[in-house]
Amino acid sequence: VLASWGDEDGLLLFGGRDDALPHDTLWGLSRDAEARPAHRFLLDVSATRADEGTAIRSMAVRWTTGGSGHVDGTLTDGATLRAWQRGAWTDVATHAAGPDSPSSLCWVLHDQEPVRAAWSGCTLDDDGDALARLAVKGIASLAVRPTAPAGDRDAVVTSDGVEVVVRYRLPPQD
């Protein structure tokens, strides 16, 4: 079901029939020139049995992706890896791969522990506070999107795979 919403570029969409969602879910779709599609990945760290006493040492992300958008009417390839940190999306790694030739974006969040050689060449972020928040919250929210906006055309993002490695130490057992 489609209906006009907001300005002339907006659509109101019915959420569909999915037992996991309420049947009255409505979605607003905006065709803003700065809009970009995205793929989102949620990591439930609580599945590791981590709790407030757990020391998360590092989280490494390798996302094989590509994207494209338009800058001043010119097709521009590239994708950006983003992480939800301190209540906002933060760009953590970028490359210039297009949707037809995806390559790896890589980011390692660590607490000064030596980073394994397998993750060399990645964007490194030494932020022990972020790791502590991850241990308490239990959820890591990541996304990729085209580096360039849609502009007056479409933007595209593709994903071939996501690898996330969390290194942690459980507290001693009594």
Checklist outcome for this item: Contacts of Pro102 meeting side chain to side chain contact (heavy atoms under 4.5 Å, CB included) (sequence neighbours excluded), chain-then-number -> Thr64, Thr158, Asp160

Item to check | Residue pair Val61 / Phe41, side-chain heavy-atom distance below 4.5 Å | outcome: no

Checklist entry - Which hydrophobic side chains are connected to Trp89, either touching it within the sub-4.5 Å cutoff or through other members that do? => result Trp84

Checklist entry - Any side-chain heavy atom of Val166 within less than 4.5 Å of one from Leu43? => result yes

Checklist entry - At their closest point, which heavy atom of Ala79 faces which heavy atom of Gly66, and how far apart are they? => result CB-C, 3.9 Å

Checklist entry - Got a donor-acceptor contact below 3.5 angstrom from the His95 side chain to the Ser103 backbone? => result yes

Checklist entry - Do you know the tightest heavy-atom contact between Ala140 and Met59? => result CB-SD, 3.8 Å

Item to check | Ala83: partners by side chain to side chain contact (heavy atoms under 4.5 Å, CB included), with sequence neighbours left out | outcome: Gln85, Val92, Trp107, Leu142

Checklist outcome for this item: Sorted by chain and number, sequence neighbours left out, side-chain hydrogen bond (donor to acceptor under 3.5 Å, both in side chains) with Thr80 holds for Thr94, Thr147

Item to check | Contact list for residues 91-106, test salt bridge (charged side-chain N to carboxylate O under 4.0 Å, His left out), sequence neighbours left out | outcome: Arg82-Asp91

Item to check | Check: Arg145 and Leu81 side chains under 4.5 Å, non-hydrogen atoms | outcome: no

Checklist entry - Are the side chains of Pro146 and Ser68 in touch, meaning some heavy atoms are under 4.5 Å apart? => result no

Next on the checklist: Quick one: does any side-chain atom of His70 pair with a main-chain N or O of Asp154 as donor and acceptor, under 3.5 Å?
Outcome noted: yes

Checklist entry - When you measure from the side chain of Arg62 to the backbone N and O of Ser104, does any donor-acceptor pair fall under 3.5 Å? => result no

Checklist entry - Are any of the side-chain heavy atoms of Val162 and Val164 separated by less than 4.5 Å? => result yes

Checklist entry - Is there side-chain contact between Trp63 and His39, with at least one heavy-atom pair below 4.5 Å? => result yes

Checklist entry - Ser159 and Thr65: which non-hydrogen atoms are nearest, and at how many Å? => result OG-OG1, 4.2 Å

Checklist entry - Between Asp77 and Gly98, what is the shortest heavy-atom contact and its length? => result CG-CA, 3.6 Å

Item to check | Smallest separation among heavy atoms of Ala155 and Pro149, with atom names | outcome: CB-C, 4.3 Å

Checklist outcome for this item: All heavy atoms of Pro99 vs all of Val156, minimum pair found to be CB-CG1, 3.9 Å

Item to check | Residues which pass side-chain hydrogen bond (donor to acceptor under 3.5 Å, both in side chains) with Thr90, listed by chain and number, not counting sequence neighbours | outcome: none

